[in-house]
Amino acid sequence: MQLLSVLVHPDPRLRQVAKPVTDFNADLATLVENMAHTMYHENGIGLAAIQVGVPLRVLVIDLSKDHQALQTFINPEIQTQEKAQTIEEGCLSVPGFFEKVNRAQSIQVSAVDIHGKPFTKSTSGLEAACILHEIDHLDGKLFVDYLSTLKQSRIRRKLVKMKAAA
Ligand code: GNR
Ligand code: NI
C-alpha cells in the first residue's frame, strides 16, 4: 500500500472535472486501496481521487471510528435530495479550516463498485454531507466555494502563505 499526497487548495488540479471510470481493472483496485490508506492516515472521513491528482470519478468514505466501514463509490450520481441541513465541514485539501455548509439532509445516490456492479444507497446527516462533498470534488468544486468571498480570500491567502513557508 502506498500513501498518496493530497493536493492543497488553490492547486488548479482540484478544479478539474473528473472523468467516468470505464476500466474496472487491477489499477482501479490499487487506486481505491491507496486512497483508503491515505484517507485513514490523514484522519479524513472521505477522499476523492481528484484530491490525489487522479481525475477519475472515484470516491471513498468511512465514517466509522475503527476503519471498518469503507465504502467505495465509482461514477456516483445523486438520484434524489431532500430537506436541508447545516454541517461543519473540513477538507483535507483545505487543511486547518472548518466552516458550516448547507446541503441536502437526505440523499439517494447510485454508483457502481470496483467490479462495475451498480448499487444505490440512501443516507442522511453527516454521511450525506460527506458524499455530497466528495461528489463536489469530482466536479472540481470545494466547500470553500459556498463561503463568502471574504472568507474565501482569507483562506486562500493563508494556504498560499503556508505553502511558501513549507
Ligand atoms: O474529513 C473530512 N471531514 C468532513 C466533514 C464534514 C463534511 C465532509 C467531510 S470530508 C473531509 C475529508 C475530505 O476532504 N474529503 O474530500
Ligand atoms: Ni474534501
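No hydrogens, no waters, no symmetry mates; every other heavy atom, side chains included, goes into these values. For ligands, and for the atoms within them, numbers begin at 1 and follow the listed sequence.
- Backbone and side-chain nitrogen or oxygen atoms of L92 are examined, and one is located within less than 3.5 angstrom of a nitrogen or oxygen of ligand 1.
- Distance alone, capped at 3.5 Å, places no donor-acceptor pair between the E42 side chain and the M39 backbone.
- Here atom 11 (C) of ligand 1 lies nearest to G90 when heavy atoms of A129, A48, G90 are compared.
- Between A128, G44, G46, it is G46 that holds the heavy atom closest to atom 13 (C) of ligand 1.
- Below 4.0 Å from some heavy atom of C91 lie the following atoms of ligand 1, by number and element: 14 (O).
- Taking the side chain as every heavy atom from C-beta outward, L126 and I87 approach each other to under 4.5 Å.
- Partner of V60 under the side chain to side chain contact (heavy atoms under 4.5 Å, CB included) criterion, chosen from I45, T72, L31: T72.
- Ring orientation note: the planes of Y40 and H67 are close to parallel, at an angle under 30° on the 30°/60° scale.
- The N/O atoms of H133, backbone and side chain alike, include one that comes under 3.5 Å of an N/O atom in ligand 1.
- Applying the side chain to side chain contact (heavy atoms under 4.5 Å, CB included) test between L47 and each of V58, V52, L59, I61 identifies V52 as the sole match.
- Scanning both residues, F143 and F97, for their nearest heavy atoms gives CZ-O, 3.7 Å.
- Numbered from 1 in the order shown, with element, the atoms of ligand 1 that lie under 4.0 Å from a heavy atom of E88 read 6 (C).
- Below 3.5 Å of separation, one finds an N or O of E134 facing an N or O of ligand 1.
- For the pair SG of C91 and NE2 of H133, the angle at the Ni ion (ligand 2) is about 110°; rounding is to 10 degrees.
- Each of Q152, E99, R103, K100 was scored for a side chain to side chain contact (heavy atoms under 4.5 Å, CB included) with Y146, with one residue passing: R103.
- Taking the six-membered ring where tryptophan is involved, the planes of H37 and H41 are tilted, since the angle between them lies from 30° to 60°.
- Atom 7 (C) of ligand 1 has E89 CG, 3.4 Å as its closest protein atom, hydrogens excluded (heavy atom only).
- Residue-to-ligand polar distances place H137 within reach of ligand 1: an N/O pair is separated by less than 3.5 Å.
- Scanning all protein heavy atoms for the shortest distance to atom 3 (N) of ligand 1 gives I45 CG1, 3.4 Å.
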